[in-house]
Amino acid sequence: MRITEVANKLNISPRAIRFYEEKGLLSPAKHRDNQYRDFSEQDVWRLQTVISLREAGMPIADIRSALAGMGDNDAGELQYYLELQRSVMMSEWLQIKQVIETTERMIALVKSERSLPLEHIFRLAEASKELREHRGNWQDKWDFDLLASTHDERVAENQGNYADYDRALDLIAERVRPKDNELGLDIGTGTGNLAARFKQAGARMSGVDQSKEMLRLCQVKHPGLETRVGNFLALPYLEEQFDFVVSSFAFHHLGPEQQLLSLDEMKRVLKSNGRIGIADLMVSGIPADSADSVASRSQPPECIDLDRLLPWFADNGFRADVQRVNEWLHVLCAYKEVESLD
DNA sequence: ATTCTTACA
DNA sequence: TGTAAGGA
(Lines give C-alpha, C1' and ligand atoms only; values in the text may rest on other atoms or scores of the structure.)
Protein backbone atom coordinates (compact mmCIF):
# COMPACT_ATOMS: atom_id res chain seq x y z
CA MET A 1 0.00 0.00 0.00
CA ARG A 2 1.15 3.48 -0.76
CA ILE A 3 1.29 6.20 1.80
CA THR A 4 -1.79 8.12 0.69
CA GLU A 5 -3.96 5.05 0.73
CA VAL A 6 -2.82 4.14 4.21
CA ALA A 7 -3.29 7.71 5.35
CA ASN A 8 -6.84 7.80 4.07
CA LYS A 9 -7.76 4.50 5.64
CA LEU A 10 -6.40 5.51 9.02
CA ASN A 11 -7.61 9.09 8.76
CA ILE A 12 -4.30 10.80 9.25
CA SER A 13 -2.10 12.88 6.99
CA PRO A 14 0.79 11.43 5.00
CA ARG A 15 2.96 13.97 6.71
CA ALA A 16 2.12 12.46 10.08
CA ILE A 17 3.12 9.03 8.85
CA ARG A 18 6.47 10.30 7.58
CA PHE A 19 6.90 12.11 10.86
CA TYR A 20 6.42 8.92 12.85
CA GLU A 21 8.90 7.18 10.60
CA GLU A 22 11.39 9.94 11.18
CA LYS A 23 10.95 9.43 14.91
CA GLY A 24 11.76 5.76 14.58
CA LEU A 25 8.27 4.38 15.16
CA LEU A 26 7.94 2.86 11.70
CA SER A 27 10.20 1.52 9.00
CA PRO A 28 8.19 0.67 5.90
CA ALA A 29 10.00 -0.77 2.90
CA LYS A 30 10.87 1.66 0.15
CA HIS A 31 10.84 1.02 -3.56
CA ARG A 32 14.25 0.79 -5.11
CA ASP A 33 13.80 3.28 -7.94
CA ASN A 34 11.45 5.98 -6.70
CA GLN A 35 11.78 5.63 -2.93
CA TYR A 36 8.01 5.28 -2.62
CA ARG A 37 7.05 3.78 0.72
CA ASP A 38 5.37 0.39 0.56
CA PHE A 39 3.32 -0.45 3.65
CA SER A 40 2.77 -4.07 4.56
CA GLU A 41 -0.16 -5.18 6.71
CA GLN A 42 2.16 -5.30 9.65
CA ASP A 43 3.24 -1.75 9.02
CA VAL A 44 -0.37 -0.61 8.93
CA TRP A 45 -1.15 -2.49 12.10
CA ARG A 46 1.82 -0.96 13.84
CA LEU A 47 0.87 2.48 12.62
CA GLN A 48 -2.64 2.05 13.98
CA THR A 49 -1.10 1.18 17.32
CA VAL A 50 0.96 4.36 17.22
CA ILE A 51 -2.14 6.40 16.47
CA SER A 52 -4.10 4.84 19.30
CA LEU A 53 -1.37 5.49 21.80
CA ARG A 54 -0.92 9.04 20.55
CA GLU A 55 -4.62 9.70 20.99
CA ALA A 56 -4.20 8.57 24.55
CA GLY A 57 -1.67 11.33 24.98
CA MET A 58 1.43 9.19 25.12
CA PRO A 59 4.58 11.05 24.06
CA ILE A 60 6.44 9.85 20.96
CA ALA A 61 9.41 8.75 23.01
CA ASP A 62 7.27 6.54 25.24
CA ILE A 63 5.54 5.01 22.25
CA ARG A 64 8.92 4.11 20.86
CA SER A 65 9.95 2.23 23.98
CA ALA A 66 6.54 0.62 24.28
CA LEU A 67 6.72 -0.61 20.72
CA ALA A 68 10.23 -1.88 21.26
CA GLY A 69 8.95 -4.07 24.08
CA MET A 70 6.32 -5.78 22.00
CA GLY A 71 6.84 -7.66 18.80
CA ASP A 72 4.88 -6.82 15.68
CA ASN A 73 1.25 -7.73 15.73
CA ASP A 74 0.99 -8.53 19.41
CA ALA A 75 -2.69 -8.31 20.26
CA GLY A 76 -2.17 -8.97 23.96
CA GLU A 77 0.19 -6.08 24.39
CA LEU A 78 -2.04 -3.81 22.36
CA GLN A 79 -4.96 -4.63 24.59
CA TYR A 80 -2.90 -3.55 27.55
CA TYR A 81 -2.02 -0.24 25.98
CA LEU A 82 -5.59 0.35 24.95
CA GLU A 83 -6.65 -0.32 28.53
CA LEU A 84 -4.06 2.14 29.59
CA GLN A 85 -5.56 4.55 27.12
CA ARG A 86 -9.01 4.06 28.60
CA SER A 87 -7.59 4.62 32.04
CA VAL A 88 -5.92 7.85 31.03
CA MET A 89 -8.97 9.13 29.18
CA MET A 90 -11.11 8.38 32.20
CA SER A 91 -8.80 10.43 34.32
CA GLU A 92 -8.78 13.31 31.84
CA TRP A 93 -12.54 13.12 31.69
CA LEU A 94 -12.74 13.53 35.46
CA GLN A 95 -10.50 16.56 35.32
CA ILE A 96 -12.50 18.09 32.51
CA LYS A 97 -15.59 17.54 34.61
CA GLN A 98 -13.97 19.51 37.40
CA VAL A 99 -13.13 22.35 35.06
CA ILE A 100 -16.73 22.41 33.88
CA GLU A 101 -17.95 22.55 37.44
CA THR A 102 -15.75 25.45 38.42
CA THR A 103 -16.71 27.21 35.22
CA GLU A 104 -20.35 26.80 36.09
CA ARG A 105 -19.75 28.26 39.52
CA MET A 106 -18.06 31.23 37.89
CA ILE A 107 -20.97 31.71 35.54
CA ALA A 108 -23.35 31.66 38.47
CA LEU A 109 -21.21 34.22 40.25
CA VAL A 110 -21.04 36.53 37.28
CA LYS A 111 -24.80 36.29 36.93
CA SER A 112 -25.64 37.19 40.49
CA GLU A 113 -22.97 39.59 41.56
CA ARG A 114 -21.09 41.16 38.77
CA SER A 115 -17.80 40.68 40.44
CA LEU A 116 -15.63 37.67 39.93
CA PRO A 117 -13.44 36.77 42.87
CA LEU A 118 -9.82 36.55 41.87
CA GLU A 119 -9.29 33.31 43.72
CA HIS A 120 -11.82 31.55 41.48
CA ILE A 121 -9.89 32.58 38.42
CA PHE A 122 -6.76 31.15 39.95
CA ARG A 123 -8.54 27.95 40.76
CA LEU A 124 -9.66 27.59 37.19
CA ALA A 125 -6.19 28.35 35.96
CA GLU A 126 -4.72 25.64 38.15
CA ALA A 127 -7.32 23.14 37.07
CA SER A 128 -6.58 23.59 33.40
CA LYS A 129 -2.90 23.57 34.13
CA GLU A 130 -3.25 20.18 35.73
CA LEU A 131 -5.17 19.04 32.70
CA ARG A 132 -2.35 20.05 30.41
CA GLU A 133 0.34 18.55 32.57
CA HIS A 134 -1.57 15.36 32.87
CA ARG A 135 -0.27 14.19 29.53
CA GLY A 136 3.12 13.80 31.14
CA ASN A 137 1.95 11.32 33.73
CA TRP A 138 2.63 8.23 31.73
CA GLN A 139 6.00 7.66 33.29
CA ASP A 140 4.53 6.91 36.69
CA LYS A 141 2.57 4.03 35.35
CA TRP A 142 5.58 2.22 34.00
CA ASP A 143 7.30 1.70 37.29
CA PHE A 144 4.57 -0.40 38.82
CA ASP A 145 5.38 -3.33 36.60
CA LEU A 146 8.77 -3.59 38.18
CA LEU A 147 7.10 -4.27 41.51
CA ALA A 148 4.77 -6.84 40.03
CA SER A 149 7.30 -9.54 39.37
CA THR A 150 8.37 -9.29 42.98
CA HIS A 151 4.85 -9.29 44.32
CA ASP A 152 4.37 -13.01 44.68
CA GLU A 153 7.68 -13.36 46.45
CA ARG A 154 6.84 -10.59 48.83
CA VAL A 155 3.48 -12.12 49.62
CA ALA A 156 5.18 -15.42 50.21
CA GLU A 157 7.68 -13.81 52.53
CA ASN A 158 4.89 -12.28 54.52
CA GLN A 159 4.12 -15.53 56.19
CA GLY A 160 4.35 -13.97 59.59
CA ASN A 161 1.35 -11.79 58.84
CA TYR A 162 -0.29 -14.24 56.55
CA ALA A 163 -2.68 -15.60 59.10
CA ASP A 164 -3.92 -12.14 59.88
CA TYR A 165 -3.99 -11.28 56.19
CA ASP A 166 -6.26 -14.19 55.47
CA ARG A 167 -8.38 -13.44 58.47
CA ALA A 168 -8.79 -9.84 57.36
CA LEU A 169 -9.96 -10.89 53.92
CA ASP A 170 -12.48 -13.25 55.46
CA LEU A 171 -13.66 -10.57 57.78
CA ILE A 172 -14.18 -8.00 55.07
CA ALA A 173 -16.20 -10.47 53.02
CA GLU A 174 -18.25 -11.27 56.04
CA ARG A 175 -18.99 -7.64 56.77
CA VAL A 176 -19.82 -6.54 53.25
CA ARG A 177 -22.03 -9.59 52.75
CA PRO A 178 -22.16 -9.90 48.98
CA LYS A 179 -25.39 -11.25 47.58
CA ASP A 180 -25.80 -13.37 44.50
CA ASN A 181 -25.29 -11.47 41.28
CA GLU A 182 -24.29 -8.27 42.95
CA LEU A 183 -21.59 -6.29 41.20
CA GLY A 184 -18.43 -5.62 43.15
CA LEU A 185 -15.16 -3.85 42.52
CA ASP A 186 -11.83 -4.67 44.12
CA ILE A 187 -9.41 -1.77 43.97
CA GLY A 188 -5.76 -2.66 43.93
CA THR A 189 -6.77 -6.22 43.38
CA GLY A 190 -3.23 -7.44 42.74
CA THR A 191 -3.49 -11.13 42.05
CA GLY A 192 -7.15 -11.14 42.99
CA ASN A 193 -7.11 -12.72 46.42
CA LEU A 194 -9.84 -10.53 47.85
CA ALA A 195 -11.95 -10.44 44.71
CA ALA A 196 -11.91 -14.22 44.55
CA ARG A 197 -13.51 -14.43 47.98
CA PHE A 198 -16.41 -12.28 46.88
CA LYS A 199 -16.76 -14.19 43.68
CA GLN A 200 -17.08 -17.42 45.60
CA ALA A 201 -19.83 -15.80 47.57
CA GLY A 202 -21.75 -15.30 44.34
CA ALA A 203 -20.92 -11.73 43.38
CA ARG A 204 -19.69 -10.69 39.96
CA MET A 205 -16.35 -9.07 40.53
CA SER A 206 -14.20 -6.58 38.72
CA GLY A 207 -10.66 -5.78 39.72
CA VAL A 208 -8.54 -2.71 39.12
CA ASP A 209 -4.80 -2.55 39.43
CA GLN A 210 -2.12 -0.25 38.14
CA SER A 211 0.07 -3.08 36.97
CA LYS A 212 -0.59 -5.24 33.95
CA GLU A 213 1.78 -7.88 35.28
CA MET A 214 -0.26 -8.14 38.42
CA LEU A 215 -3.42 -8.51 36.38
CA ARG A 216 -1.84 -11.12 34.19
CA LEU A 217 -1.13 -13.25 37.25
CA CYS A 218 -4.64 -12.51 38.44
CA GLN A 219 -6.15 -13.76 35.20
CA VAL A 220 -4.24 -17.00 35.54
CA LYS A 221 -5.39 -17.54 39.12
CA HIS A 222 -8.96 -16.35 38.68
CA PRO A 223 -10.09 -16.42 35.05
CA GLY A 224 -13.62 -15.38 35.97
CA LEU A 225 -12.67 -11.92 37.16
CA GLU A 226 -12.96 -8.91 34.93
CA THR A 227 -9.82 -6.87 35.30
CA ARG A 228 -8.87 -3.40 34.17
CA VAL A 229 -5.70 -1.41 34.29
CA GLY A 230 -6.41 1.78 36.15
CA ASN A 231 -5.66 4.32 38.79
CA PHE A 232 -7.29 4.61 42.20
CA LEU A 233 -7.88 8.28 41.60
CA ALA A 234 -9.52 7.75 38.23
CA LEU A 235 -11.31 4.44 38.24
CA PRO A 236 -11.93 3.16 34.72
CA TYR A 237 -15.66 2.77 35.26
CA LEU A 238 -18.70 4.93 34.81
CA GLU A 239 -20.94 6.24 37.58
CA GLU A 240 -23.03 4.00 39.82
CA GLN A 241 -21.92 0.65 38.52
CA PHE A 242 -21.27 -1.33 41.67
CA ASP A 243 -23.12 -2.55 44.71
CA PHE A 244 -19.94 -2.50 46.73
CA VAL A 245 -16.31 -1.48 46.47
CA VAL A 246 -13.59 -3.20 48.45
CA SER A 247 -9.85 -2.89 48.79
CA SER A 248 -7.19 -4.63 50.79
CA PHE A 249 -3.62 -3.60 51.52
CA ALA A 250 -3.59 -1.02 48.79
CA PHE A 251 -5.11 2.09 50.28
CA HIS A 252 -2.14 2.92 52.48
CA HIS A 253 0.01 3.45 49.41
CA LEU A 254 -1.87 6.68 48.80
CA GLY A 255 -1.06 9.93 50.52
CA PRO A 256 -3.58 11.43 52.95
CA GLU A 257 -5.08 13.77 50.38
CA GLN A 258 -5.18 11.08 47.75
CA GLN A 259 -6.98 8.75 50.10
CA LEU A 260 -9.85 11.20 50.31
CA LEU A 261 -9.90 11.65 46.56
CA SER A 262 -9.95 7.91 46.19
CA LEU A 263 -12.98 7.71 48.45
CA ASP A 264 -14.68 10.25 46.19
CA GLU A 265 -13.93 7.96 43.29
CA MET A 266 -15.35 4.95 45.09
CA LYS A 267 -18.50 6.89 45.80
CA ARG A 268 -18.72 7.88 42.15
CA VAL A 269 -18.76 4.33 40.84
CA LEU A 270 -21.00 3.07 43.64
CA LYS A 271 -24.75 2.75 43.31
CA SER A 272 -26.72 5.00 45.63
CA ASN A 273 -26.98 2.35 48.34
CA GLY A 274 -23.50 1.00 47.85
CA ARG A 275 -21.11 -0.32 50.48
CA ILE A 276 -17.41 0.19 51.02
CA GLY A 277 -14.99 -2.22 52.64
CA ILE A 278 -11.33 -1.59 53.31
CA ALA A 279 -8.80 -3.87 54.98
CA ASP A 280 -5.51 -2.21 55.69
CA LEU A 281 -3.04 -0.86 58.20
CA MET A 282 -4.74 1.89 60.18
CA VAL A 283 -4.17 4.01 63.23
CA SER A 284 -6.29 6.48 65.11
CA GLY A 285 -5.72 8.95 67.85
CA ILE A 286 -2.20 9.93 67.00
CA PRO A 287 -1.26 12.33 69.76
CA ALA A 288 -1.00 15.98 68.84
CA ASP A 289 2.65 16.05 69.84
CA SER A 290 3.18 13.33 67.30
CA ALA A 291 6.78 14.05 66.50
CA ASP A 292 8.13 12.01 69.40
CA SER A 293 5.43 9.48 69.93
CA VAL A 294 5.15 8.50 66.28
CA ALA A 295 8.84 7.95 66.14
CA SER A 296 8.66 5.85 69.24
CA ARG A 297 5.88 3.70 67.85
CA SER A 298 7.21 0.52 66.42
CA GLN A 299 6.23 -0.51 62.92
CA PRO A 300 3.95 1.34 60.58
CA PRO A 301 5.81 2.77 57.61
CA GLU A 302 2.75 3.90 55.71
CA CYS A 303 -0.48 3.86 57.58
CA ILE A 304 -4.03 5.08 57.22
CA ASP A 305 -4.99 7.78 59.68
CA LEU A 306 -8.55 6.99 60.68
CA ASP A 307 -9.04 10.41 62.21
CA ARG A 308 -8.71 11.89 58.74
CA LEU A 309 -10.73 9.24 57.00
CA LEU A 310 -13.79 8.82 59.18
CA PRO A 311 -15.10 12.38 58.76
CA TRP A 312 -15.38 11.74 55.04
CA PHE A 313 -17.83 8.93 55.62
CA ALA A 314 -19.94 11.07 57.89
CA ASP A 315 -19.94 13.92 55.37
CA ASN A 316 -20.98 11.63 52.57
CA GLY A 317 -23.83 9.86 54.29
CA PHE A 318 -22.09 6.66 55.24
CA ARG A 319 -22.19 4.87 58.54
CA ALA A 320 -18.71 3.53 59.07
CA ASP A 321 -17.40 1.10 61.62
CA VAL A 322 -13.95 -0.25 62.16
CA GLN A 323 -12.97 -3.66 63.39
CA ARG A 324 -9.55 -4.40 64.69
CA VAL A 325 -7.70 -7.48 63.50
CA ASN A 326 -4.38 -6.82 65.15
CA GLU A 327 -2.55 -3.76 66.42
CA TRP A 328 -2.27 -2.25 62.95
CA LEU A 329 -4.55 -4.24 60.75
CA HIS A 330 -8.16 -3.06 60.69
CA VAL A 331 -11.22 -3.64 58.60
CA LEU A 332 -13.33 -0.61 57.82
CA CYS A 333 -16.83 -1.05 56.49
CA ALA A 334 -19.22 1.69 55.47
CA TYR A 335 -22.88 1.48 54.59
CA LYS A 336 -25.15 4.10 53.22
CA GLU A 337 -27.11 5.68 56.04
CA VAL A 338 -30.78 4.79 55.71
CA GLU A 339 -33.03 7.80 56.05
CA SER A 340 -35.23 7.24 59.04
CA LEU A 341 -38.83 8.13 58.32
CA ASP A 342 -40.29 9.24 61.62
C1' DA B 1 -0.54 12.42 -11.06
C1' DT B 2 2.13 10.92 -7.00
C1' DT B 3 5.55 10.76 -3.79
C1' DC B 4 10.00 12.33 -1.79
C1' DT B 5 13.05 15.43 0.76
C1' DT B 6 14.02 19.64 3.01
C1' DA B 7 13.13 23.86 5.21
C1' DC B 8 10.23 26.65 7.87
C1' DA B 9 6.03 28.05 10.47
C1' DT C 1 2.45 18.44 12.28
C1' DG C 2 0.86 21.73 8.34
C1' DT C 3 2.57 24.04 4.27
C1' DA C 4 5.48 25.10 0.43
C1' DA C 5 9.00 24.31 -2.90
C1' DG C 6 11.71 21.80 -6.29
C1' DG C 7 12.78 17.31 -8.42
C1' DA C 8 12.22 12.46 -9.94
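Letters go in sequence order (proteins before strands), and every chain restarts at 1. Remember, it's a predicted structure, so these values are computed and weren't measured experimentally.
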Checklist outcome for this item: Parsed dot-bracket for DNA chain C after applying the Watson-Crick and G-U rules with both distances under 3.5 Å and | for other-strand partners is ||||||.|
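- The closest side-chain donor-acceptor pair between A:Asp280 and A:Trp328, if any, does not fall under 3.5 angstrom.
- Residue A:Ser13 places its side chain closer to C:dG2 than to any other of C:dG2, B:dT3, C:dT1.
- In this structure, of C:dT1, B:dC4, B:dT2, it is B:dT2 that holds the atom nearest to the side chain of A:Thr4.
- Residues A:Asn316 and A:Lys267 bring a donor and an acceptor atom of their side chains to less than 3.5 Å of each other.
- Under 3.5 Å, the side chains of A:Gln219 and A:Thr227 contain a donor-acceptor pair of N or O atoms.
- Screening A:Arg46, A:Arg37, A:Arg64 against A:Glu21 for a salt bridge (charged side-chain N to carboxylate O under 4.0 Å, His left out) leaves a single residue, A:Arg37.
- With ring centers used as reference points, A:Phe242 lies under 6.0 Å from A:Tyr237.
- Side chain to side chain, A:Gln48 and A:Ser52 meet the donor-acceptor criterion of an N or O pair below 3.5 Å.
- Applying a 4.0 Å cut-off to non-hydrogen atoms, the residues of residues 20-38 of chain A that approach DNA chain C are A:Tyr20, listed by residue number.
- If you measure from atom CZ of A:Phe39 to atom P of B:dT2, you get 17 Å, rounded to the nearest angstrom.
- Among the heavy atoms of the strands lying under 4.0 Å from A:Arg18 is at least one base atom, whether or not backbone atoms are also near.
- Ring pair A:Phe232/A:Phe251: centre-to-centre distance not below 6.0 Å.
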Checklist entry - Step by step, would you call A:Lys199 with A:Asp186 a salt bridge (charged side-chain N to carboxylate O under 4.0 Å, His left out)? => result CA-CA 11 Å; A:Lys199 196 191 157 207; A:Asp186 181 14; over 6 Å; no
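- In this structure, A:Phe19 atom CZ and B:dT6 atom P are separated by 16 Å, rounded to whole Å.
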Interface polar pairs with nucleotides 7-9 of chain B, N/O, under 3.5 angstrom:
none

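- Under the 3.5 Å distance criterion, with hydrogens and angles disregarded, a donor-acceptor pair is assigned to the side chains of A:Tyr165 and A:Asn193.
- Defined by atom type and a distance below 3.5 Å, a donor-acceptor pair is missing between the side-chain atoms of A:Asp62 and A:Ser65.
- When A:Arg204, A:Arg177, A:Lys271, A:Arg275 are each tested for a salt bridge (charged side-chain N to carboxylate O under 4.0 Å, His left out) with A:Glu182, only one passes: A:Arg275.
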